[in-house]
Structures are given as C-alpha cells and as structure tokens.
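I have placed the structure first, in the form of structure tokens, so that the comments after it can refer back to it.
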Amino acid sequence: MSPAREVVPILDFGSQTAQLIARRVRDAGVYAVLVRPDIPAAELRAMSAKGLILSGGPASVREEGSPRCDPEIFDLGVPVLGICYGMQLACMLLGARVEASQRREFGRASLEIVAPCPLLASVPQHTTVWMSHGDQISDLGRAHLQTAGRTESCPHAVVWDPQRRFFGVQFHPEVTHTPHGADMLHNFLYEVCGCAGTWRMSSYAQEQAEAIRARVGRDRVICGLSGGVDSAVTAALLHEAIGDQLTCVFVDTGLLRRNERGLVERTFRDHFAIDLRVIDAADAFLDDLRGVVDPQEKRRRIGHRFIEVFREAAGSIAGARYLAQGTLYPDVIESGHGHAGTSAGIKLHHNVGGLPADMPFALIEPLRELFKDEVRRLGEVLGVPEAIVHRHPFPGPGLAVRVLGEVTRERLEVVRACDEIVLEEIVAAELYRRTSQVFAVLLPVQSVGVMGDGRTYEHVAAVRAVETQDFMTADWARIPFEVLARISTRIINEVRGVNRVVYDISSKPPATIEWE
C-alpha cells in the first residue's frame, strides 16, 4: 500500500456486505481495505487511516464470545462510522445499552431525521433504509451520543458523538435498497473525514507499474494467460511496467471456445507486441479425458495436465525469476489471509489447478487489491480491447464442463458451434452487457425429432443465461422469446447433430451457474 494513499480501513465483523462497503467507498474515490475486527489501534495508526468503518455482522453483541474491536480505536482521533453490528458494538463500548428488539426489523423501513447531523446532510427528512437486525440501542446511557434519526420501531436508528466524531447507523447504507446510502457514505468520507478522493485507476496503474519495475529490476517475468479478464489485465499491466521483460504463456487445452486462441494471439502478440508462447497441448488433454464422465475427475485430470504443461513451458524460459498471477482482492479475503495482512497462497490458476508452491519463481500479484469491476476499469485504462475487458467468465476446465458426460472431439465441436450461435444472437440483441454469463451446454441425452420426412435421434443443447452482481447468487435472465427463438432455430438448422434446444430457468441457489 502506498504510504501517500488515503485509506479507510473497514473492520469486518463477518457481514455479508463487508466487501460491498469497500466497493462503495472505492467508488466514491477513496481506497478502502478490509481488516480483521480485532486489529490493534496501533496498526490502524500506522496506516494513517483517514477514518474507520465498523461493518455489520451476524452475531449479537450481547453474546459471550461475539467479536470485539480494540476500544482504543475511539481514541485515534479519526472519525468512525458503525453500521448495524458495528454501531451496536461501538455504542456499547461508549456506554450505551444494547438489548434485543421487541420487534425485529428485516427489510425496508422508513427513516425520519429528527436532528441535524453531518452524516445526513442533504438527505431528505423522510427516506427509505434497509434494516437487518434483532438487537438495537435501547438507552444511550452514559455515552455522549445524540439521536439524529429513528424508525417506527428503532428510536435510535442514527446516533452520533460530535466530540469523538463517531456516527452509528442501525441500517445498511451500502446496499442499493437504501436510496440515499451513497450520500451518507459520501458525507462521511468527504465532509467528516476530509478525504480528497484520489483513488483512481489511472493513478493505481502508474503506482503498480512503478512498484513492479522496482521489484523486478532487469529480471524476466512469466504470466500465464487464460484469455480471461484477470490474466489479460495482469499481462497488460506488466507489459506497461517492464515491456519486453515479460513472457506470457497460453496453454491451448483443446477445450476452448471457437476462435479463443486467435483472440489471445491477436490481442497480446499483435496489439501489445508481447512475447507470447502458445503451447498446443490439446491431444494430451483429450487423451486424459477419454472415457471420463465424472465432473470432479475431469477437473482433477485437467488440473494435473495443466500443471505439467505449464511447468515444462516455464522451465524453458531463460532468466525468469517471477511468476505473475491475476489474484483479486476477494480471492485474498476468502483465502483467510486478507484480514491478517499476509501474502495469499497460490491461487488456482485459471480455476483449473493450483500451480505448485515448489515452482522456482517469486510471485507477483498486481491485482490483489482490486475487485472485479475495478479490474475491468484498469483494463480500459491500459487499453485492453473491450472484447476481453467485458467478456463473460469462462470456466477453467473450459468446455469439458459444458459437455456433460464423456468429452470427445465430436461433442466439443457440437457445443462450440452452439455456443458461437448463442453469443452471436445475444450480442446482436444488445444483451451481452446486460447479462452476466451466457453459454450453451451439450446434454448427455438424445431425443427424437423430425427433420424432412425422417425421424432423428440426436443431441439436446441447453442454453444458460444469468444475471448476477457477485456470482454468489444468480437469477436466470429473462431473454426475450424472439431472441430465444432465433437461437433455437439457428442451432437446429446449422449445427449438425442437434434437434432440440431447451432454456435453463434455474436460479442459484439451488442450482449452480455451470452445469458441472
């Protein structure tokens, strides 16, 4: 982290929306970082924090063993915003009383502003907020708190201490269901904390490029390309930093979409003029998959083969000392290392198989501070083509998990042709940027059909389209019937061997986005 960078640490008490708080703060132009809830005040002081945010959480502050923060954080002299559990904990530590609510609030509630408060500047006197709590402040007690807002069942929905510059809200300003939540966060960051709003992708790109140059010196870096957004932006950033000291390795597994290899070669060899090594290993991967139908066994064999191919390719690159990977901030957090400030472990490369820790390279992860949407913005700053920056996710094992049952060259060609038609029609209907992931799946069944004057017994293709914010949950996309009709007609007419097309209308959960 740059010592000159404005930072607002978020003490994460286990809230499902803690990452969303960080994204909202960053969207407002201030760098936010998630830290463990019991981080010592001395560490926060060393970070030169402009302010602190205490997240919500699933526990009750009244329970023994519930997470606590260092009480000395309120003596750091920086503003503190407590959200839901974070508000209750802070208020309790400051002398207020927290009790179980007689009426628990989950969902929308009407907030009435009853007194002026810097956090609520320019917010209407009556506004909607999103509640999710079973406890609440019952008595301000000996705390020097003032009530600024209330709901029908929560008399202290917004409180603040003018001297300590502490603010507490019982609702969640970070979610879109609180319409003026962004205004409240903006007020906290700019009016209360005095932030300048210097967090920009252009400055981040420059900062990271300088850090990479300082670390790498004149050594060579290897970057594994998958064709996805993360590895592409990693490669572009490295190229910006060290130029021809970068070598990219792309493994053609034979399990890619149509023209995938060509897109990678055009983008990185022609557009960026990067030293790109393409390894054609399709035969080896397909041999490994012969007769395999179990999805986990498919992934295991693909992962094992990928490691072997990549290890051999990397070993042939002279002077390479560093390995670059597109690890993102959520990966760091979910690994359990992000809150402790330690290095994350080796990420599953391309979601296929973990590159072994005994590979003789030091690890470079220039995107480990970024969320997915920030990576896309960084890609735009670096000039990565839109076809890659905004492309939908593609599974690491490739089409092997979109060909249900045994993977053969013939069945791969069928699903490739179906997938190409699906994407062409989605793009033509201007739905690509409005959907999160769209693809075709080849099912391990055949169905009876009629073509011409004869009966057929051929493959069934499924079309999957979802909308999601975080890929943890997803809803099936309401693609217009006329678009689905064109997709179905084209697949049945143009793809030999398919006589039936179905549309997947399952949400996640209970279904997953991919079929395998």
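- In terms of modelled atom types and a separation under 3.5 Å, the side chain of Asp475 and the main chain of Glu467 share no donor-acceptor contact.
- Here the two rings, on Phe361 and Tyr322, have centers that are 6.0 Å apart or farther.
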Apply salt bridge (Lys or Arg N to Asp or Glu O under 4.0 Å) to residues Glu260 and Arg391 and explain how you reach the verdict. CA-CA 12 Å; Glu260 185 98 4; Arg391 74 183 326 194; 3.1 Å; yes
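- Between the Ser226 side chain and the Gly228 main chain, a donor and an acceptor come within less than 3.5 Å of each other.
- Remark: side-chain polar atoms of Glu6 are paired, donor with acceptor, to backbone N or O of Gly197 under 3.5 angstrom.
- Checked for salt-bridge contact, Arg200 and Glu207 miss the test: no charged N lies under 4.0 Å from a carboxylate O.
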Quick one, Arg68 with Asp38, criterion salt bridge (Lys or Arg N to Asp or Glu O under 4.0 Å). Give me CA distance, side-chain angles, the key distance, then yes/no. CA-CA 6 Å; Arg68 294 288 190 265; Asp38 60 348; over 6 Å; no
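- Comment: Glu297 engages Arg300 in a salt bridge, judged by a side-chain N to carboxylate O separation of less than 4.0 angstrom.
- With Phe394 as the aromatic partner, Arg257 meets the cation-pi criteria of under 6.0 angstrom to the ring centre and within 45 degrees of the ring axis.
- Between the Ser436 side chain and the Thr468 main chain, a donor and an acceptor come within less than 3.5 Å of each other.
- Proximity of a side-chain donor or acceptor of Thr267 to a complementary backbone N or O of Val264 within less than 3.5 Å is not detected.
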Should Trp476 and Arg464 be marked as a side-chain contact (heavy atoms from CB on, under 4.5 Å) after you check the CA-CA gap, both sets of side-chain angles, and the distance that decides it? CA-CA 8 Å; Trp476 60 279; Arg464 179 71 157 146; 4.3 Å; yes
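- A search for side-chain hydrogen bond (donor to acceptor under 3.5 Å, both in side chains) contacts involving Lys508 returns nothing, not counting sequence neighbours.
- Residues Pro395 and Arg402 are in side-chain contact: their nearest non-hydrogen atoms beyond the backbone lie under 4.5 Å apart.
- Side chain of His392 to main chain of Thr435: a donor-acceptor pair is present (N/O by atom type, distance under 3.5 Å, no hydrogens or angles).
- There is a side-chain donor-acceptor pair under 3.5 Å between His180 and Asp183.
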Chi angles and distances behind the side-chain contact (heavy atoms from CB on, under 4.5 Å) call for Val192, Leu119: CA-CA 8 Å; Val192 178; Leu119 189 73; 5.6 Å; no
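- Other residues, nucleotides and ligands contribute at most 12 non-hydrogen atoms within 6.0 Å of the NE2 atom of His144.
- Between Thr234 and Gly326 the shortest heavy-atom distance is OG1-CA, 3.3 Å.
- A salt bridge does not link Arg36 to Asp12: none of the charged side-chain nitrogens sits closer than 4.0 Å to a carboxylate oxygen.
- Minimum interatomic distance between Ala440 and Asp419 (heavy atoms only, all atoms of both residues): N-OD1, 3.3 Å.
- None of Leu145, Asp75, Val80 except one satisfies the side-chain contact (heavy atoms from CB on, under 4.5 Å) rule with Arg164; the exception is Asp75.
- Heavy atoms only, all atoms of each residue included: Leu52 and Phe188 are closest at O-CZ, 3.5 Å.
- There is no side-chain donor-acceptor pair under 3.5 Å between Glu240 and Gln206.
- Taken from OG1 in Thr327 to CG in Leu370, the straight-line distance is 11.5 Å, to the nearest 0.5 Å.
- Relative ring orientation between Tyr31 and Trp199 is described as tilted, the plane-to-plane angle lying within the 30° to 60° band.
- Of the possible donor and acceptor atoms, one in the side chain of Arg165 sits under 3.5 Å from a partner among the backbone N and O of Gly77.
- Side-chain N or O atoms of Tyr329 include none that pairs as donor or acceptor with a backbone N or O of Gln19 at under 3.5 Å.
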Yes or no on side-chain contact (heavy atoms from CB on, under 4.5 Å) for Glu516 and Lys298, after CA distance, side-chain angles and deciding distance? CA-CA 10 Å; Glu516 284 192 344; Lys298 287 181 185 180; 3.0 Å; yes
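- Going from atom CZ of Phe250 over to atom OG of Ser231 covers 9.0 Å, rounded to the nearest 0.5 Å.
- If you take OG1 on Thr178 and CG on Leu111, they are separated by 9.0 Å, rounding to the nearest 0.5 Å.
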Go through Ile53 and Val25 one step at a time and tell me if the side-chain contact (heavy atoms from CB on, under 4.5 Å) criterion holds. CA-CA 10 Å; Ile53 296 178; Val25 172; 3.9 Å; yes
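- Between Asp27 and Arg377, at least one side-chain N (NZ, or NE/NH1/NH2) sits under 4.0 Å from a carboxylate O, which counts as a salt bridge.
- Residues Met87 and Gln170 come closest through the heavy atom pair SD-N, 3.5 Å.
- The two atoms that bring Thr198 and Ser203 nearest to each other are O-OG, 3.6 Å, heavy atoms only.
- With respect to Arg26, the salt bridge (Lys or Arg N to Asp or Glu O under 4.0 Å) criterion is satisfied by exactly one of Glu374, Glu174, Glu369: Glu374.
- Atoms CG and OG, from Leu34 and Ser55 in turn, are 8.0 Å apart once rounded to the nearest 0.5 Å.
- The closest side-chain donor-acceptor pair between His186 and Glu191, if any, does not fall under 3.5 angstrom.
- Heavy-atom minimum distance, Ile388 versus Val229: O-CG2, 3.1 Å.
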Decide yes or no on ring-ring contact (aromatic ring centres under 6.0 Å, His included) for Trp130 and Phe171, but give the supporting numbers first. CA-CA 5 Å; Trp130 186 262; Phe171 50 85; over 10 Å; no
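- Under the 3.5 Å distance criterion, the side-chain polar atoms of Asp70 are left unmatched by any main-chain donor or acceptor of Pro40.
- A donor-acceptor contact shorter than 3.5 Å is absent between the side chain of Ser507 and the backbone of Pro509.
- Classification of Arg376 and Glu386 as a salt-bridged pair fails, no side-chain N sitting under 4.0 Å from a carboxylate O.
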